[in-house]
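Data first, discussion second: the structure below is written as structure tokens.
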Amino acid sequence: MPRKLESDTIGLLLTDVSRLLRGAFDRKVNAMALGITPGEARALIQVAVTEGIKQAEIATRMGIEPMTLSAYLDRLEALGLVARVPDPADRRAKNVVITDRADPLLAELMVGLREMMNAYTEGLDEEGRELLRANLRILRDNLRRLDPCLAGKEKGTVA
């Protein structure tokens, strides 16, 4: 009979927290009635964080297929929230940028998400939250540096 595995390993905890946060994010965005879907909201945030990178890189960072991202970006572009601009290093490629029109929506979205995260990090003081952020950054940077599929391929990479 197989033994029961430990459920509080770092990997399983991160997977579980990620799954729960994704669902909470979806519900929060839907409840905010911003006129965009949770997927579009994720894409908009990712564009704002990585301003000016290629669509394929954004899809990789989001862990979704490029065609799925393309549909999100098409809708965001139709709403005037993002623009595809020529990549100065490769005229065939387009980089995705936020437009000024996105600023109020992003601000409202981030207020709602901060409220959500404040509720979910209840019990952690500011020092505990900063320690959690610092440790998660270390884990992320190690993954980017050590995973041969990621090494040097994401903007903001430490490698």
Side-chain angles (χ1 to χ4, degrees), residues 2-32 34 36-70 72-73 76 81-82 85 87-90 93-98 102-103 105-159:
R3 295 178 188 257
K4 183 175 180 188
L5 297 177
E6 172 64 42
S7 64
D8 279 349
T9 64
I10 292 172
L12 286 175
L13 282 169
L14 285 171
T15 299
D16 205 28
V17 168
S18 178
R19 175 184 59 81
L20 292 168
L21 275 176
R22 185 178 181 95
F25 177 96
D26 290 357
R27 289 185 296 279
K28 182 67 172 180
V29 170
N30 285 330
M32 292 179 73
L34 299 170
I36 60 174
T37 67
E40 292 163 353
R42 271 189 208 84
L44 186 64
I45 291 168
Q46 199 60 231
V47 172
V49 168
T50 60
E51 184 78 14
I53 67 171
K54 292 180 184 74
Q55 189 169 312
E57 294 172 50
I58 297 167
T60 298
R61 290 180 68 94
M62 291 179 67
I64 61 175
E65 292 297 319
M67 289 307 295
T68 301
L69 177 65
S70 184
Y72 294 157
L73 293 178
L76 293 171
L81 303 173
V82 301
V85 298
D87 183 334
D90 180 357
K94 298 279 186 183
N95 294 336
V96 186
V97 297
I98 291 291
D103 290 342
L105 190 142
L106 271 169
E108 184 178 352
L109 178 60
M110 296 314 294
V111 165
L113 295 177
R114 271 189 217 96
E115 289 172 359
M116 180 188 82
M117 288 309 299
N118 285 339
Y120 295 141
T121 56
E122 186 178 322
L124 289 176
D125 60 14
E126 190 53 42
E127 184 179 320
R129 290 177 192 191
E130 189 49 47
L131 183 61
L132 178 59
R133 275 190 290 273
N135 285 321
L136 288 171
R137 281 186 205 107
I138 290 168
L139 182 59
R140 179 192 61 198
D141 293 346
N142 286 343
L143 282 163
R144 285 178 172 166
R145 181 174 50 84
L146 297 171
D147 187 327
C149 294
L150 296 176
K153 293 186 179 176
E154 287 191 4
K155 186 177 180 179
T157 300
V158 294

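Keep in mind it's a predicted model, so treat the numbers as computed, not measured.
- L76 contributes atom CG, which lies 6.0 Å from atom CD1 of I36 (distance to the nearest 0.5 angstrom).
- Closest approach of I58 to Q46, counting heavy atoms only: CG2-CG, 3.9 Å.
- Contacts of D87 classified as salt bridge (Lys or Arg N to Asp or Glu O under 4.0 Å), with partners at least two apart in sequence or in another chain: K54.
- With rounding to the nearest 0.5 angstrom, the CG atom of L105 is 5.0 Å from the CG atom of L34.
- Looking only at atom types and distance, the side chain of N142 has a donor-acceptor partner in the side chain of R145 under 3.5 Å away.
- Between the CD1 atom of I138 and the CG atom of N135 there is a distance of 5.0 Å, given to the nearest 0.5 Å.
- Side chains of R61 and I53 form a contact here, defined as non-hydrogen atoms less than 4.5 Å apart.
- Every residue meeting the side chain to side chain contact (heavy atoms under 4.5 Å, CB included) condition with D125, not counting sequence neighbours, appears here in chain and number order: E127.
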Using atom types as modelled, flag every donor-acceptor pair under 3.5 Å from a side chain in residues 112-120 to any protein atom, sequence neighbours excluded.
{"unit_1": "N118", "atom_1": "OD1", "unit_2": "R129", "atom_2": "NH1", "d": "2.9"}
{"unit_1": "N118", "atom_1": "ND2", "unit_2": "R114", "atom_2": "O", "d": "3.3"}

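- For residues 14-24, the side chain to side chain donor-acceptor pair (under 3.5 Å) pairs, not counting sequence neighbours, are D16-R19.
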Would L136 and L14 count as a side-chain contact (heavy atoms from CB on, under 4.5 Å) if you check the C-alpha gap in whole Å, the side-chain angles of each, and the deciding distance to 0.1 Å?
-> CA-CA 10 Å; L136 288 171; L14 285 171; 3.8 Å; yes

Decide yes or no on side-chain contact (heavy atoms from CB on, under 4.5 Å) for V47 and Y72, but give the supporting numbers first.
-> CA-CA 11 Å; V47 172; Y72 294 157; over 6 Å; no

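- Across all non-hydrogen atoms, the minimal contact from F25 to A41 is CZ-CB, 3.9 Å.
- Looking at heavy atoms from C-beta onward, D26 lies in side-chain contact with R42 at the 4.5 angstrom threshold.
- Taking the side chain as every heavy atom from C-beta outward, Q55 and L73 approach each other to under 4.5 Å.
- In this structure the side chain of V97 never reaches within 4.5 angstrom of the side chain of V82, judged on heavy atoms.
- For the pair R144/R140, a side-chain contact is recorded, criterion being any heavy-atom separation below 4.5 Å from C-beta on.
- The CD1 atom of I98 lies 4.5 Å from the CG atom of L44; values are rounded to the nearest 0.5 Å.
- A distance of 8.5 Å separates OG1 of T121 from CG of L132, quoted to the nearest 0.5 Å.
- Legend: residues meeting salt bridge (Lys or Arg N to Asp or Glu O under 4.0 Å) with R137, ordered by chain and number and at least two apart, are E130.
- Every residue was checked against the salt bridge (Lys or Arg N to Asp or Glu O under 4.0 Å) condition with E65, not counting sequence neighbours, and none meets it.
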Could you walk me through whether E40 and L81 pass side-chain contact (heavy atoms from CB on, under 4.5 Å), step by step?
-> CA-CA 10 Å; E40 292 163 353; L81 303 173; over 6 Å; no

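- Taking both residues in full, the closest heavy atoms of L69 and A43 are given as CD1-CB, 3.9 Å, listed atom of the first, atom of the second, then distance.
- Side-chain contact between T50 and V96: absent, with no pair of heavy atoms (C-beta onward) separated by less than 4.5 Å.
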